[in-house]
Chemist: 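First the structure, then my questions, so here it is.
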Amino acid sequence: MSRALDRLRSAFTKLDREHAPLAVWCWTGCPNEAELGRQIEDFASKGVGGVVVEPREGLQIPHFGERWWDAVDYTIRKGQSTGLKTWIHDQSCSSSDVEGQSEEINSTVLLRSTDHQAKTLVRAIHDFTGPVQISLEGRFPLGTPLVQIVARLDKNGDLETDSFKNVTRPNSWSCPDGVWRLFSFSVKAVEDQVDYLRPQTVKALLESTYAVYGNRYRSFLGTDIPGVFFGKPHVAAEPLPWTDSLRARFLKDHGYDLVDSLPLLVQRAGSSTAKVRCDFYNTVGDMYEEAWFVQVSAWCERRGLKWIGHTEEHVASHPARQGDYFQTMRHLSIPVADHRGFRSERPRTVQPAEIKPAVSVAALAGRDKVMADAFGGAGWGVTPDELRHGANLLAAYGVDTQVLRGFFYSMDTAEASDDWPPSFSDPNPCWPHFKTLTEYITRLSAIVNQSKSTASVGVLYPVISVAANTADGRPNSRAIEIAEIYEAVVDGLIGASVDVHLVDEKFVSDSRLEGGQLKNGSVAISTLILPPTPVIGRPAMRRMGAFARSGGSVICVGERPSSSSDAGGKDRSIVRSTADIFGVGADTVRGSKIGKGHAY
């Protein structure tokens, strides 16, 4: 204990730049050596630990042009003399915050081959009342025709699964008696986006961005250039994600042809709907993970670079755009959270449900740091005391490195003046006093880094239930309700000073049971809380029962499991397990006794 206190005291009294905040340095205007040098010295004197160089709107030199590389060369050399590290910003996957920069990089890849263009599945729907002869000519939506499927509608307007029929050829169809729906699917290219599901495309992105830095600054990688920062890549889903090899991969993964079941991705059709949707989004997520996260993280690791960044934290959009957050983000050297409460909320705040996913991934994956992309878009009215309050909240939620956004090279252009304020450096009147804040954050981060969460409460990440209720590439009202309650549970518990880990089904099914706890690495859960969970995987459900019988507590907020991602709706094994765990007609306050544990 004495040694630990000594380390803590030392971290607090002796500032360690390892824990200092990073600055997102937004390059605008025409960077030159004199001004770059002045600002780098200013950053160092204010206690900043490093800069993430990010081109922004208003940059008046060609990105990746000769003057760009001159500026980067000088920044790295000057950083060496001041102790300021230079992080690369991967602009290829940025959102539309920086008009033109990501498109410029992506276009170099897209021009090589149309195969690199993102693909999306679009559909046209036509209803018919039979008996009638129908011409199918001209009914495909714009794109490359894929398949036409018809299905009878039942009295509730749902599809009758056993009526599905592929009518792609010939170009006419004899519609039987009843009300029928024709689904015509085409594959459409998204010409300005790259295909994150395609390994060859991601490899081309690496060659056009990462490898350019790697070849030019080989001797600096892992030292003066610690790593690469990325922000918000996503799968093109307009409305349904697709790639040329998805159909074959789906067949390999699940043993049946996706094309015959495509209408279920758009509309309900009995008990098989949940399985098909979960299978589809599972394959999409796996392809995204393998093409982007596995490939890029391996490239960085081979060169001694840390790979850091964030995607999207809100689960409602995960199935179609991000896959399983826990499966993808575990590949990062340092998971990063992107918090938005300082932009629009008043009073300014930090939502725990935006921060805890990255913190929990770090704990489950054994990472020793967690970052937050902090305070961007807070506006010129944000005060140092509000920033201190935000830093305190981020630290309390488990963040031990804060990436402050942003610091603008120049405010001399209209684009820069209007771009995602504020700039914390000149001409901000708070800048001369900024060292007080950075030293405060550095000490705070050092303490968090040496601390260990003792959270024993886990909240299940409900991506499976959300996927089962993602219709036509968008979360339906049920999926949105599940996501909102999930976030409310997390926010409510943290607000009541109950720390939590967010855990996925893999954690539940793979963890070892010890003394009424689910244990995996440094995470040990004695209470598992389920948000509304209509759909769950069988392995996780079996493990949850064993967990409760061994002495753990299971709490379900709202709808209990009744369907599975393995077999679809009203899965008898899930229904039986739910009854075994929670009882039938049990008192929801007192709960039910199961073995040594309880369920509520």
Side-chain angles (χ1 to χ4, degrees), residues 24 89-98 102 118 120 190 193-197 202 229-241 281-282 284-289 291-293 296-297 307-332 334-345 350-362 365 370-377 394 397 399 403 405 420 459 461-467 469-470 473-476 479-480 482-484 486-488 490-491 502 504 531:
V24 178
H89 191 284
D90 172 11
Q91 204 63 30
S92 67
C93 60
S94 289
S95 62
S96 58
D97 295 342
V98 191
S102 61
T120 191
V190 184
Q193 295 186 45
V194 294
D195 189 349
Y196 284 108
L197 303 180
V202 173
F229 182 99
F230 72 87
K232 293 187 178 178
H234 65 273
V235 176
E238 301 177 9
L240 291 163
Y281 289 113
N282 180 68
V284 169
D286 285 351
M287 295 181 76
Y288 180 39
E289 177 187 1
W292 173 251
F293 291 89
V296 181
S297 63
W307 192 45
I308 67 174
H310 57 80
T311 56
E312 298 165 330
E313 286 75 22
H314 295 277
V315 66
S317 65
H318 283 179
R321 288 172 59 90
Q322 293 298 342
D324 185 323
Y325 182 92
F326 283 76
Q327 290 298 103
T328 56
M329 291 291 287
R330 67 194 172 114
H331 294 285
L332 274 65
I334 306 174
V336 181
D338 181 27
H339 88 86
R340 296 176 284 185
F342 264 61
R343 300 172 194 170
S344 55
E345 299 294 330
V350 177
Q351 184 188 11
E354 286 188 330
I355 306 304
K356 276 297 180 178
V359 173
S360 298
V361 166
V370 185
M371 290 183 175
D373 192 341
F375 312 132
L394 289 171
Y397 302 155
V399 171
V403 185
R405 177 180 295 275
W420 216 235
V459 180
Y461 167 63
V463 69
I464 299 298
S465 289
V466 172
N469 288 284
T470 295
R474 301 292 182 266
N476 63 21
I480 292 171
I482 291 167
E484 288 177 345
Y486 163 69
E487 293 187 2
V490 175
D491 293 344
L502 310 185
D504 60 347

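Position 1 is the first residue of the sequence; numbering continues from there. Predicted model, so just to flag it, every value in this text is computed and none were measured.
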Chemist: I'd like to know if the side chain of Gln91 reaches the main chain of Phe230, judged simply by a donor and an acceptor atom lying under 3.5 Å from each other, with no hydrogens or angles considered.
Modeler: no

Chemist: Please name the pair of heavy atoms, one in Val490 and one in Val459, separated by the smallest distance, quoted to 0.1 Å.
Modeler: CG2-CG1, 4.2 Å

Chemist: How far apart are the closest heavy atoms of Ala320 and Ala237, and which atoms are they?
Modeler: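 It is O-CB, 3.8 Å.
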
Chemist: Looking only at heavy atoms, what is the nearest atom pair of Val235 and Pro241, with distance?
Modeler: CG1-CB, 3.6 Å

Chemist: How far does CZ of Phe342 sit from CD of Gln351, to the nearest 0.5 angstrom?
Modeler: 13.5 Å

Chemist: Are the side chain of Thr328 and the backbone of Tyr325 linked by a donor-acceptor contact shorter than 3.5 Å?
Modeler: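 Indeed, once roles are kept as given, a pair shorter than 3.5 Å links the two residues.
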
Chemist: Looking at side-chain heavy atoms only, is the closest gap between Val296 and Val202 below 4.5 Å?
Modeler: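 They are in side-chain contact.
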
Chemist: Working to the nearest 0.5 Å, report the span between CH2 of Trp307 and CG of Leu332.
Modeler: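 Taking CH2 in Trp307 and CG in Leu332, the distance rounds to 5.0 Å.
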
Chemist: Among side-chain atoms of Gln193 and Glu238, is any donor-acceptor pair under 3.5 angstrom?
Modeler: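 Yes - a donor-acceptor pair under 3.5 Å links their side chains.
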
Chemist: Which heavy atom in Ala236 sits nearest to a heavy atom in Val190, and how many Å separate them?
Modeler: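 Here Ala236 and Val190 meet closest at CB-CG2, 4.3 Å.
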
Chemist: Can you give me the closest heavy-atom contact between Tyr281 and Leu240, atom names plus distance?
Modeler: OH-CD2, 3.6 Å

Chemist: As an exercise, state the distance from CD1 of Ile464 to CG of Asp324, rounded to the nearest 0.5 Å.
Modeler: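 If I round to the nearest 0.5 Å, the distance is 7.0 Å.
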
Chemist: Do you know which two heavy atoms are closest between Val370 and Val399, and how far apart they sit?
Modeler: O-CG1, 3.6 Å

Chemist: His89 side chain to Gly231 main-chain N or O, any donor-acceptor pair under 3.5 Å?
Modeler: no

Chemist: Evaluate side-chain contact (heavy atoms from CB on, under 4.5 Å) for His339 paired with Leu394, printing each intermediate quantity in order.
Modeler: CA-CA 9 Å; His339 88 86; Leu394 289 171; 4.0 Å; yes

Chemist: Evaluate the criterion side-chain contact (heavy atoms from CB on, under 4.5 Å) for residue pair Phe326 and Ser360; output intermediate values, then yes/no.
Modeler: CA-CA 9 Å; Phe326 283 76; Ser360 298; 4.1 Å; yes

Chemist: Do Glu354 and His314 have a side chain donor and acceptor closer than 3.5 Å?
Modeler: yes

Chemist: How long is the gap from CZ on Arg321 to OG1 on Thr311, to the nearest 0.5 Å?
Modeler: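 Arg321 CZ to Thr311 OG1: 10.0 Å, rounded to 0.5 Å.
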
Chemist: May I ask you to decide if Asn476's main-chain N or O and Asn469's side chain share a donor-acceptor pair within less than 3.5 Å?
Modeler: no

Chemist: Apply side-chain contact (heavy atoms from CB on, under 4.5 Å) to residues Tyr486 and Val466 and explain how you reach the verdict.
Modeler: CA-CA 11 Å; Tyr486 163 69; Val466 172; over 6 Å; no

Chemist: Whether the side chain of Glu313 engages the backbone of Asp338 through a donor-acceptor N/O pair (distance < 3.5 Å, no angle test) should be reported.
Modeler: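 Looks like yes, one N/O pair under 3.5 Å.
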
Chemist: Is the closest side-chain heavy-atom distance between Phe229 and Met371 below 4.5 Å?
Modeler: no

Chemist: How long is the straight-line distance from CZ of Arg330 back to CD of Gln327, given to the nearest 0.5 Å?
Modeler: 4.5 Å

Chemist: Kindly write out the residues that satisfy salt bridge (charged side-chain N to carboxylate O under 4.0 Å, His left out) with Glu487, not counting sequence neighbours, or none if the list is empty.
Modeler: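 In terms of salt bridge (charged side-chain N to carboxylate O under 4.0 Å, His left out), with neighbours along the sequence ignored, Glu487 is linked to no residue.
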
Chemist: I'd like to know if the side chain of Tyr288 pairs up with that of His234 as donor and acceptor (distance under 3.5 Å, no hydrogens or angles considered).
Modeler: no

Chemist: Distance check, rounded to the nearest 0.5 Å: Lys232 atom NZ versus Asp373 atom CG?
Modeler: 8.5 Å

Chemist: Run the side-chain contact (heavy atoms from CB on, under 4.5 Å) test on Val284 and Leu197 for me, step by step, so that the C-alpha distance in whole Å, both residues' side-chain angles and the decisive distance to 0.1 Å come before the verdict.
Modeler: CA-CA 7 Å; Val284 169; Leu197 303 180; 4.2 Å; yes

